[in-house]
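Proteins get letters first, then strands, A, B, ... in listed order; numbering begins at 1 in each.
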Amino acid sequence: MSIESIIKSKVIEAIKVCYGQDIDDKTIQIQKTRREFEGDLTLVVFPFLRFSKKSPEDTANELGNFLKEKINCIEDFNVVKGFLNLLIDNTYWISVLNQAVATKNYGFKALEPGAKKVMIEYSSPNTNKPLHLGHIRNNLLGYSVAQILKANGYEVIKVNLVNDRGIHICKSMLAWLRFGGGETPESTGIKGDHLVGKYYVKFDQEYKKEMEALIAEGMDADEAKKQVSLLLEAQEMLRKWEAGDVEVVALWRKMNDWVLAGFDVTYAKMGVDFDKVYFESNTYKKGKAIVEKGLADGVLYQKDTGSVWANLEGDGLDHKLLLRDDGTSVYMTQDIGTAYERFNEFKIDEHIYVVGNEQNYHFQVLSLVLGKLGYEWHDKIQHLSYGMVELPEGKMKSREGTVVDADDLMDEMVNTARDTSNELGKLEGYSLEEAEDVYNKVAMGALKYFILKVDPKKNMMFNPKESIDFNGNTGPFIQYTYARIQSVLKKAIDSGMEIPDLASDKLEISVKESMLIQLIANYPNIITEAGDATSPAQVANYVYDLVKEYNQFYHDFPIAKEENVDLRFFRLVLSKQIGEIIKSGMSLLGIGVPERM
RNA sequence: GGUCCAGUAGCUCAGUUGGAUUAGAGCAAUAGCCUUCUAAGCUAUGGGUCCCAGGUUCGAAUCCUGGCUGGAUCACCA
């Protein structure tokens with residue numbers, strides 16, 4: 001039982017004994033004592049004044065005396081206004097450290113039979129262009145949230161829904177046919193997704209040229225937009241694809257394969273993966289039967305022209321189209337179908353979609369429509385809605401070339417990491433492979449931490465001109481602290497010292513040391529909270545706080561050089577445990593830690 | 001126009017289930033600390049009408065109302 005819950009139960013007892021009142025434990029607020037006051041934990045007594053009918057100071061003193069008497073690890077207390085500051089003794093804190101050390105996968109809940117089953121969909125790229133910075137945020141969030149949910153003891157299924165069909169891919173296909181001269185990834189040495197993306201841009205350029213020509217000939221601008229022959233051809237291509245035209249399908253397959261091979265490389269570099277990949281070319285017709293059944297059941301309605309709609313006015317929204325006049329599916333229809341299949345096939349308890357906040361409306365509607373259709377799990381779909389990544393110039397636009405390409409960005413990060421590392425020259429004795437592994441970890445650590453430390457739901461700013469820092473509140477700073485700890489431990493062992501499994505609990509420890517243990521004690525709560533909030537940022541900020549405190553400790557206290565053996569052992573155990581938590585917390589963010597850097 | 005989200009230091013961000021007459025980090029700036037466990041570190045200094053105005057109460061960056069600013073969205077697109 002944690003010290004907080006012990007105190008809470010005793011506070012309830014105290015209020016009962018002293019003031020004859022039963023209180024809810026929600027009225028009990030225990031927080032970390034502020035730095036500038038003496039103590040470890042603080043009880044806020046204001047809520048109890050209406051029971052005690054005494055001044056805040058008197059109430060706090062009464063409660064303080066009661067708690068000190070009843071809880072033996074409370075050494076002393078002091079009162080500042082309505083705040084009761086409790087001093088917890090060293091023995092207790094050291095026992096907390098020892099417990100953490102003795103716990104395998106400290107802070108993680110094990111996967112047990114009957115665990116909650118969660119599916120998380122993320123990435124979901126289009127196959128007409130390479131991944132960019134926006135996708136990076138999506139992928140890192142999806143992967144990290146999956147890790148965090150697993151750490152909370154959930155069974156997690158990661159899925160990707162690849163949008164491999166539609167007018168956008170036809171545009172790339174058409175441009176490639178028209179202007180490509182038979183180029184392939186092999187013939188050009190260009191990564192498949194980038195090659196296809198090049199023709200997506202090419203299409204847009206040629207489209208604009210033709211449109212302007214039409215306008216110059218006197219055509220109305222709105223009309224010209226629709227009459228560009230390239231667009232008409234692309235639309236024709238999509239019709240052929242849907243009709244199963246052999247040539248179009250073969251070209252589609254070839255170019256999609258190029259892109260998917262490219263994505264695999266990017267995913268591997270990013271360090272994300274999936275348990276199952278869906279393709280829209282297989283799922284885009286799904287949901288039609290469900291919608292037709294809804295129509296038959298009278299929960300949906302049909303217009304004269306044939307289209308099928310959901311009336312959401314009762315929920316304060318509009319009408320939503322689910323089947324077109326010609327009976328074909330729209331995106332919403334497909335999502336209805338795939339959600340149904342997933343809940344049925346996997347018996348999942350919850351489904352999280354990692355999708356940008358531009359689709360908030362879509363997911364709101366999806367849940368409502370599923371509810372209308374009578375699926376009781378309609379409220380088990382959760383939209384993990386994240387904010388846009390903005391550049392100083394504003395939003396990224398792929399066709400205007402203002403995107404930050406994912407592959408380029410990652411490569412640049414690795415180059416920067418390599419240069420910095422070589423400048424500092426700390427990897428002497430490492431082989432080329434070992435060194436490259438460190439550069440990669442540091443580069444990706446910097447990028448991932450930069451993105452994940454920001455609250456997912458907020459928009460974030462990325463300035464490509466100012467490369468991501470390696471100092472301060474950054475991934476490399478955290479990795480560095482880990483490497484530092486490993487170095488101390490290694491030197492201690494090399495010089496013949498043993499690092500015991502447990503620290504002696506009869507020691508005088510400093511305020512800084514007890515603060516570090518309190519941070520360690522809080523790690524499990526952080527994992528729970530990050531899981532509830534689906535927010536890797538909470539883990540990131542926690543690890544940063546921990547590391548910042550540790551570096552101050554490291555600077556001010558000898559560890560392996562401490563003369564007092566028990567104290568030295570304690571500090572080695574403490575350092576080792578903090579290293580474990582850094583590694584563990586970073587793994588929740590999908591970030592690796594190097595032994596040296 | 002309707003709906004949703006955000007607004008905290010020059011910049012990037014924490015802090016938001018209401019708590020300490022003193023709102024935190026990092027970057028950038030300035031000044032220090034490497035014959036001692038990794039200086040990708042540590043220390044110090046300066047930097048704020050927590051968008052504005054009201055309200056709720058012992059107490060508000062945090063909750064409520066109204067406004068301002070920015071973003072997203074409201075397709076027989078995805």
Novice: Searching all strands shown, indicate the nucleotide that pairs with B:rA14 (Watson-Crick or G-U wobble; both distances under 3.5 Å).
Specialist: none
Novice: Measure centre to centre between the rings of A:Trp241 and A:Tyr284, then say whether the value is under 6.0 Å.
Specialist: yes
Novice: Expressed as a whole number of angstroms, how long is the span from A:His319:NE2 to B:rU3:C1'?
Specialist: 16 Å
Novice: Looking at A:Glu595 and A:Lys490, is any side-chain nitrogen of the basic one under 4.0 Å from a carboxylate oxygen of the acidic one?
Specialist: no
Novice: Quick check for you: among B:rG41, B:rA6, B:rA20, whose closest atom lies nearest to any side-chain atom of A:Val80?
Specialist: B:rA20
Novice: Is B:rC34 in the syn or the anti form, by the rule that syn lies within 90° of 0?
Specialist: syn
Novice: Assign A:Ser385 to base, sugar-phosphate, or nothing according to its heavy-atom contacts below 4.0 angstrom with the strands shown.
Specialist: nothing
Novice: When you compare the side chains of A:His362 and A:Asp335, does any donor N or O come within less than 3.5 Å of an acceptor on the partner?
Specialist: yes
Novice: Determine: side-chain N/O of A:Lys320 to OP1/OP2 of B:rC74, distance under 4.0 Å, yes or no.
Specialist: no
Novice: If only side-chain N and O atoms of A:Lys81 are considered, is one of them under 4.0 Å from the OP1 or OP2 phosphate oxygen of B:rC58?
Specialist: no
Novice: Would you classify A:Phe477 as touching base, sugar-phosphate or nothing, given that sugar-phosphate means primed atoms plus P, OP1 and OP2, and contacts are heavy atoms under 4.0 Å?
Specialist: sugar-phosphate
Novice: Tell me which one of A:Arg239, A:Glu233, A:Met237 satisfies side-chain contact (heavy atoms from CB on, under 4.5 Å) with A:Gln235.
Specialist: A:Arg239
Novice: What's the closest nucleotide to the A:Val330 side chain, out of B:rA78, B:rG41, B:rU12?
Specialist: B:rA78
Novice: Base contacts versus sugar-phosphate-only contacts with protein, heavy atoms under 4.0 Å: please encode nucleotides 68-73 of chain B as B, S and - from 5' to 3'.
Specialist: ---SSS
Novice: Just call it for A:Asp545: base, sugar-phosphate, or nothing, with non-hydrogen atoms closer than 4.0 Å on any strand.
Specialist: nothing
Novice: Considering every strand and a 4.0 Å limit on heavy-atom distances, what is the contact class for A:Ser575: base, sugar-phosphate, or nothing?
Specialist: nothing
Novice: Would you say the side chains of A:Gln31 and A:Thr42 form a donor-acceptor pair under 3.5 Å?
Specialist: no
Novice: Under 4.0 Å between any heavy atoms, over every strand shown, what does A:Val454 touch: base, sugar-phosphate, or nothing? Just pick one.
Specialist: sugar-phosphate
Novice: Taking only the C1' atom of each, what is the distance from B:rA28 to B:rC13 in whole angstrom?
Specialist: 15 Å
Novice: Answer yes or no: is there a side-chain heavy-atom contact under 4.5 Å between A:Leu516 and A:Tyr550?
Specialist: yes
Novice: Across all strands shown, which nucleotide pairs with B:rA20 by Watson-Crick or G-U wobble geometry, both distances under 3.5 Å?
Specialist: none
Novice: By nearest heavy atom, map A:Thr305 and A:Gln552 onto RNA chain B; which one lands nearer the 5' end?
Specialist: A:Gln552
Novice: Answer with yes or no after comparing the ring centroid distance for A:Tyr353 and A:Phe363 against a 6.0 Å cut-off, counting only values under it.
Specialist: yes
Novice: For atom P, what is the distance between B:rG46 and B:rG10, given to the nearest Å?
Specialist: 15 Å
Novice: Please tell me if A:Arg34 has a side-chain N or O lying less than 4.0 Å from either OP1 or OP2 of B:rG19.
Specialist: no
Novice: Once salt bridge (Lys or Arg N to Asp or Glu O under 4.0 Å) is applied, what residue pairs with a partner in residues 277-288 of chain A remain, sequence neighbours excluded?
Specialist: A:Lys286-A:Glu341
Novice: Touch check for A:Asn85, heavy atoms < 4.0 angstrom, all strands: base, sugar-phosphate only, or nothing?
Specialist: base
Novice: Which comes earlier along RNA chain B counting from the 5' end, the contact point of A:Ser329 or that of A:Gln29, where each point is its nearest nucleotide?
Specialist: A:Gln29
Novice: Does B:rA6 have a Watson-Crick or wobble partner in any strand here, with both distances under 3.5 angstrom, and which is it?
Specialist: B:rU69
Novice: When we call it a touch if two heavy atoms are under 4.0 Å apart, what does A:Gln479 touch: a base, just sugar-phosphate, or nothing?
Specialist: nothing
Novice: Checking base pairs now: Watson-Crick or wobble, both atom distances under 3.5 Å. What partners B:rA29?
Specialist: B:rU45
Novice: In terms of relative ring orientation, are A:Tyr207 and A:Phe203 parallel, tilted or perpendicular, with 30° and 60° separating the classes?
Specialist: parallel
Novice: Starting the side chain at C-beta, find the nucleotide from B:rG7, B:rA78, B:rC5 nearest to A:Lys457.
Specialist: B:rC5
Novice: Give me the distance, rounded to whole Å, that separates B:rU69 from B:rG26 when you measure between the P atoms they each carry.
Specialist: 35 Å
Novice: Identify which nucleotide among B:rC76, B:rG19, B:rC42 has an atom closest to any side-chain atom of A:Pro47, counting heavy atoms from C-beta outward.
Specialist: B:rG19
Novice: When rounded to the nearest Å, what value does the distance between C1' atoms of B:rG54 and B:rC5 take?
Specialist: 24 Å
Novice: For the residue pair A:Tyr523 and A:Tyr542, does the interplanar ring angle fall in the parallel (under 30°), tilted (30 to 60°) or perpendicular (over 60°) class?
Specialist: parallel
Novice: Taking the C1' atom in each of B:rA53 and B:rA60, what is the distance between them to the nearest angstrom?
Specialist: 15 Å
Novice: Identify the nucleotide, in any strand shown, that forms a Watson-Crick or G-U wobble pair with B:rC63, with both distances under 3.5 Å; if there is none, say none.
Specialist: B:rG55
Novice: Quick one: A:Lys226 NZ to B:rA75 C1', roughly how many Å, whole number?
Specialist: 13 Å
Novice: Does the gap between the ring centers of A:Phe477 and A:Phe470 come in under 6.0 Å?
Specialist: no
Novice: Could you run through nucleotides 25-38 of chain B and give me one letter per nucleotide, 5' to 3': B if any protein heavy atom sits under 4.0 Å from the base, S if only the sugar-phosphate is that close, - if neither?
Specialist: SSS--------SBB
Novice: Going by atom types alone, do A:Asn551 and A:Thr481 pair a side-chain donor with an acceptor below 3.5 Å?
Specialist: yes
